[in-house]
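Structure, as C-alpha cells:
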Amino acid sequence: MPHITTSALQRADGSATFTSNLYSILAGVNGPVEVQRRDELPEEAYIEVNIRPGSGVGTPRERYLESIVASVLRSVILVHLHPRMLIQVTLQVLQEPSEKLMKGKGEVAVLPSLLNAAFLALVDGGIPLETTMSAVLVAVDAAGGVVAEPSIKELLICQSVHALAYDLQGELVMDQSTGVFDMGIWEGVAEVASERCKAAVASTEDTDEMRDTDESGEPWLRTALEEKVRAANAWREQT
Amino acid sequence: MSTPILLPGTPISASLLPRPNKSGTLTLGPGLRHTPPQTITTTTLGTLSTEPRKSALWLEDLAGRYAPSVNDLVIAQIHHSSTDSYSCTLTPHTPFALLGQLSFEGASKKTRPQLKSGDLVYARVCQAGKGEDVEIECLNSATGKGEGMGPLKGGTTFDVSPGFARRLMLGRKKGGVMLLEGVGEKVKFEVAIGRNGVIWVDSGSVRITVGIGRLVQDCDRGGWTLEEQEKAVKKAIKDMS
C-alpha cells in the first residue's frame, strides 16, 4: 500500500507526495494561471508538466516522460473549463531504487508513481476533473506469471513491464509497455491492472465480505482522499 | 447522518438530488457538472450539500486557488494605473482585475484617491464571468456608499488558504475560529479579511501586527481545534504585552 501525504508544499495551489515500494514522488500543481502567449490554446487549458530527476538535470528521458504524463492528465482534467489558461504540474523524484534498470524498463516503471502523485496533487489543488484515476505497475516474469506492484528484484529479471491506468468507470487511460510479450500476456496484465485500479477506489464500507482474499489490493486511493476530506471538515464538527 | 464523500467524476444518484422547483430546474453550485440530458457528476473531491428550498446543490469543496465570484470581498493589490482603471492582483500569476478610477465612495474626477503600485484596497467583486475580465469596486454601486471598502493604509498582509479565509469571514460561531475575537479582547488592532486568502492587519506596533498574522497563519496550517486556539491566543497575548 503506497504512502500518501497531501498539501506538502505551502506555496503551491495543490501538492502531494506519493511513495510506492519503488519510487517516491513529490508533486506540485499551480493553476489555473496565466499562460505564455506561445503556449496559449484558444479553447482549453494548456497543461505543462515538469519532471525533475532525483539527481542532475532533466534529459530527453524526462521530456519523454513529461509528454506521456501531460497527455494522460489532459484526458483527466476538464481542460475546456479554463481556456487560455495554464495548469502547471511539477514532479520531483525524491527516491528511486539504487539498482539501475535497463533502458525502457526504468521509464515504464516510474510512470505509475508519477501519475498517481500528479493526480493527488490535482485533487488537492481543486482543479476540475473529469474522473478519478489510478495507475499501477505490472511485471511479467519468465514463466509468464503476472506480478502487480513488483519489487526491484522482480523488475530486474522480468520479461516485460507494463504501466496501466484506469479511471473510475474502468476505462483505460494509459498503457505503456516494454519488453517481450504477446497479446495474450497483455490481456492477462490488463485484467490484473484493472482489478487493482478498481480496488483502489472501491467503497470502504462494504468491503468486508468482498475483500476476503485481498488479492486485488486495498482501496488506498479512496482511503487517502476520504481522510483528506475528513481532516478538512473536522472544524465543522465543533460548530 | 454523515454525508458521503464523493470522488471526482462520481455520478450523483437521483435519490440524493433535491426536488426541482416549480419551473422544473435545479441550481448547480461549484464542483458539479451537468451532462445532458440528466447526468450530474462531481468535478472535485468533497461532500455534497443540498438546499431543498432553493432546489440547489453544490459540493463543499476543499482548498485550491481562489476563483473570483460576484459579491466576494477581496483584498487586492494595485499593480499599475491606467487612464480609467487600476489593474490589481487578486492571486499571483492570474490576469489582472480591473478597479475603476471612480469606483470609490464619493469619488469624482477631481477627488479620486491617488493609488500607487503596491497599495492595497478592500473591494468587492462585481463582475467575474467566463472569458471576461474580473472587475472589482470599492463601493456599493446601488447606494454609492463605501460600506467599509476602500484603500487600506498602513498595516501589512498575510497569506492564508482561501478556505481558511472563508472560515474567518463566517465568524466565531459558524466558522469555528476564535483567534481574532480572542486577541481583540485584550489588544487593539484593525483587520480585514479577503476571500482571496489575504488578511490585512494593522495595529500601533510591529510586534502586535506580526504576532496576529503569525497566529492566524499557524492556525491555518495546523488546523487547530477551539481549545488549541484558546491556548495559542493566551500565549500570544502574553508575548505581545
Side-chain angles (χ1 to χ4, degrees), chain A residues 6-7 10-14 29-35 42 76-78 81-88 119-120 122-134 167-169 171 200-201 203-205 219 221-239, chain B residues 2-11 30-33 35 41-47 49 59-67 89 91-96 130-131 159-164 166-167 170-178 197 217 219-221 223-229:
Chain A
T6 50
S7 306
Q10 225 158 64
R11 289 186 183 268
D13 288 330
V29 165
N30 277 306
V33 293
E34 204 159 30
V35 64
V76 174
I77 299 170
L78 290 167
L81 289 182
H82 299 292
R84 304 195 295 124
M85 294 297 245
L86 165 74
I87 293 169
Q88 190 181 44
F119 176 78
L120 286 161
L122 286 173
V123 173
D124 187 49
I127 308 284
L129 299 171
E130 170 107 42
T131 182
T132 303
M133 59 141 262
S134 59
D167 68 8
L168 203 57
Q169 284 75 34
E171 303 276 340
V201 292
S203 172
T204 44
E205 280 158 15
L221 184 58
R222 188 176 285 270
T223 317
L225 294 178
E226 284 187 351
E227 245 166 55
K228 184 173 149 49
V229 174
R230 271 192 215 107
N233 283 340
W235 62 273
R236 280 176 213 279
E237 311 293 308
Q238 301 188 2
T239 56
Chain B
S2 67
T3 46
I5 294 164
L6 302 170
L7 303 192
T10 316
L32 296 172
R33 185 165 71 111
T35 321
T41 46
T42 57
T43 61
T44 47
L45 174 71
T47 53
S49 309
L59 212 62
E60 256 331 307
D61 58 338
L62 303 163
R65 182 165 282 257
Y66 169 70
T89 19
T91 47
H93 307 296
T94 42
F96 296 124
K130 266 220 137 30
D159 290 335
V160 294
S161 65
F164 190 74
R166 178 158 158 252
R167 280 178 64 189
L170 281 172
R172 184 185 193 148
K173 282 253 167 58
K174 279 163 122 183
V177 191
M178 53 72 66
Q217 283 183 323
C219 179
D220 179 21
R221 283 162 203 166
W224 292 346
T225 61
L226 277 173
E227 293 83 66
E228 285 172 313
Q229 288 176 30

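First the proteins, then the strands, lettered A, B, ... as listed; each starts at 1. Everything numeric here is computed off the predicted structure, so don't read it as measured data.
Distance alone, capped at 3.5 Å, is enough to place a donor-acceptor pair between the Thr132(A) side chain and the Pro8(B) backbone. Side-chain N or O atoms of Lys130(B) include one that pairs as donor or acceptor with a backbone N or O of Leu81(A) at under 3.5 Å.
Proximity to chain A involves both the backbone and the side chain of Thr94(B), based on heavy atoms less than 4.5 angstrom apart. With a 4.5 Å cut-off on non-hydrogen atoms, Asp167(A) does not touch chain B at all. For a residue to count as touching a neighbouring chain, one of its non-hydrogen atoms must lie under 4.5 Å from one of that chain's; by this rule Leu129(A) touches chain B with backbone and side chain alike. Heavy atoms closer than 4.5 Å to chain B are found nowhere in Ile77(A), neither backbone nor side chain. Residue Leu59(B): no heavy atom, backbone or side chain, is found under 4.5 Å from chain A. Contacts of Thr10(B) with chain A are made by both backbone and side-chain atoms, with heavy-atom separations under 4.5 Å.
Here the side chains of His93(B) and Leu86(A) are not in contact, with every heavy-atom distance at 4.5 Å or above. Val123(A) is listed as a side-chain neighbour of Leu45(B), based on a closest heavy-atom distance under 4.5 Å.
By the side-chain contact (heavy atoms from CB on, under 4.5 Å) test, Glu130(A) is found to be paired with Leu78(A), Arg33(B), residues two or more places apart in sequence or in another chain being considered. Legend: residues meeting salt bridge (Lys or Arg N to Asp or Glu O under 4.0 Å) with Arg221(B), ordered by chain and number and at least two apart, are absent.
The residue among Gly14(A), Pro32(A), Ala234(A) with the most heavy atom pairs within less than 4.5 Å of chain B is Pro32(A).
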Evaluate the side chain to side chain contact (heavy atoms under 4.5 Å, CB included) criterion for residues Leu225(A) and Ile5(B): first the C-alpha distance (whole Å), next the side-chain angles of each, then the deciding distance (0.1 Å), finally the verdict. CA-CA 9 Å; Leu225(A) 294 178; Ile5(B) 294 164; 6.0 Å; no

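In this structure, Lys174(B) and Trp235(A) approach most closely via the heavy-atom pair O-CZ3, 3.3 Å. In this structure, Met85(A) and Pro95(B) approach most closely via the heavy-atom pair CE-CD, 4.3 Å.
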